[in-house]
Amino acid sequence: MSDENNLGKIAYAGATAAAKAWEQIRHSTHIFPEAEVEAAFQDYVYRANINDWGYYSELFTDPCVYVDHHFGTVRNPKELADWMIPLMKTQPEMRFIPGWHVIQGNLLINYNWNRWPNPEGSAVPYDEWRNPGPISDYRFQFPCVTMCIYAGDGKFSFEEDIYSPSAYHEILKQWRQAMGMEDAG
């Protein structure tokens, strides 16, 4: 029960931080060219798929607001790296494959698949993010909606990740079992 209380507190704090950040961000007056935001998104996806989370963290301004409703909120690139590097060392096989994205002004919405490789392999590499195979080819993945605000100079000032933490934990557990990394019990 205490774990649920802690997760509830983390989620509540994240929701509050996101609401405050959205209120501030929506008053931004400078809109960057769509091509610049698109280029920053392509760099973002590249960095999210090379297992260099320090380099990934450099995509964010200082200060920034990065909200993960399961893991918490960070407010600068160093905090982001300090969180992401140890977390992602526990699951270096995980990839972030865009399904689709939309740019409206400085807002970027990315519907992506958090994916692990099929234990028996597949016809298309699981980490091919520029031209991914059909979603049905992959057994171990869950969707995430990521909303970012572009701040210029190739950097983002805000990210909010919305996904099901229960799906994340269950799919990771099943993948580790299928890979022989955990007992099925």
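Residue numbers run from 1 in the order of the sequence given. Not measured: the values here are computed from a predicted model.
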Query raised in the report: If you measure only the distance, is there a donor-acceptor pair under 3.5 Å linking the side chains of Tyr150 and Glu38?
Result: no

Query raised in the report: Are Val45 and Phe41 close enough, and set up right, to give a side-chain contact (heavy atoms from CB on, under 4.5 Å), and what steps lead you there?
Result: CA-CA 6 Å; Val45 174; Phe41 172 67; 3.4 Å; yes

Query raised in the report: If you take all heavy atoms of Gly54 and Ala81, which pair is closest and at what distance?
Result: CA-CB, 4.3 Å

Report task. Report yes or no: does Asp62 contribute a side-chain atom to a donor-acceptor pair with the main-chain N or O of Pro77 at less than 3.5 Å? Result -> no

Query - Shortest non-hydrogen contact from Phe156 toward Cys64 - result: O-CB, 4.4 Å

Report summary line: Note: Asn114 and Cys144 closest approach over all heavy atoms is ND2-CB, 3.1 Å

Query raised in the report: Hey, mind stepping through Ile103 and Glu34 against side-chain contact (heavy atoms from CB on, under 4.5 Å) and telling me if it holds?
Result: CA-CA 7 Å; Ile103 297 169; Glu34 185 173 340; 4.0 Å; yes

Requested in this report: Over all heavy atoms of both residues, which pair between Phe140 and Pro117 is shortest? Give the atoms and the distance, please.
Outcome: CD1-O, 4.2 Å

**Report entry** Check: Ala151 main-chain N/O paired with Asn106 side-chain donor or acceptor under 3.5 Å
**Finding:** no

Report task. Return yes if some donor-acceptor pair links the side-chain N/O of Gln141 with the main-chain N/O of Ile135 below 3.5 Å, else return no. Result -> yes

Query raised in the report: Partners of Phe96 by ring pair (Phe, Tyr, Trp, His ring centres under 6.0 Å), sequence neighbours excluded?
Result: Trp53

Query raised in the report: If only atom types and distance count, is the side chain of Glu79 paired as donor or acceptor with the main-chain N or O of Arg75 below 3.5 Å?
Result: yes

Query raised in the report: Would Gln104 and Ile31 count as a side-chain contact (heavy atoms from CB on, under 4.5 Å) if you check the C-alpha gap in whole Å, the side-chain angles of each, and the deciding distance to 0.1 Å?
Result: CA-CA 9 Å; Gln104 182 177 8; Ile31 303 297; over 6 Å; no

Report summary line: Closest heavy-atom pair, His69 versus Asp161, reported as atoms and distance to 0.1 Å, is CD2-O, 3.4 Å

Query - Heavy-atom donor-acceptor pair, Asp68 side chain to His70 backbone, under 3.5 Å - result: yes

Query raised in the report: Taking the six-membered ring of Tyr138, is the NZ or CZ of Arg115 close enough (under 6.0 Å from the centre) and on axis enough (within 45°)?
Result: yes

Query raised in the report: If we only count heavy atoms from C-beta on, is the Trp113 to Pro143 side-chain gap below 4.5 Å?
Result: yes

Query - Check: Thr146/Asn112 side-chain N/O donor and acceptor closer than 3.5 Å - result: yes

**Report entry** Side-chain donor/acceptor of Asn118 to backbone N/O of Arg139, under 3.5 Å
**Finding:** yes

Report task. May I have the step-by-step check of side-chain contact (heavy atoms from CB on, under 4.5 Å) for Cys148 and Tyr44, ending in yes or no? Result -> CA-CA 10 Å; Cys148 297; Tyr44 170 99; 4.2 Å; yes

**Report entry** ring pair (Phe, Tyr, Trp, His ring centres under 6.0 Å) partner of Tyr66, the single match among Phe158, Phe71, Trp83
**Finding:** Trp83

Report summary line: In short, Thr61 meets Lys155 closest at the heavy-atom pair CG2-CB, 3.9 Å

**Report entry** His101 vs Tyr111, ring pair (Phe, Tyr, Trp, His ring centres under 6.0 Å): CA-CA, chis, key distance, verdict
**Finding:** CA-CA 6 Å; His101 68 284; Tyr111 186 92; over 10 Å; no

Requested in this report: Look only at the side chain of Trp100 and the backbone of Asn110, and say whether a donor-acceptor pair between them is shorter than 3.5 Å.
Outcome: no

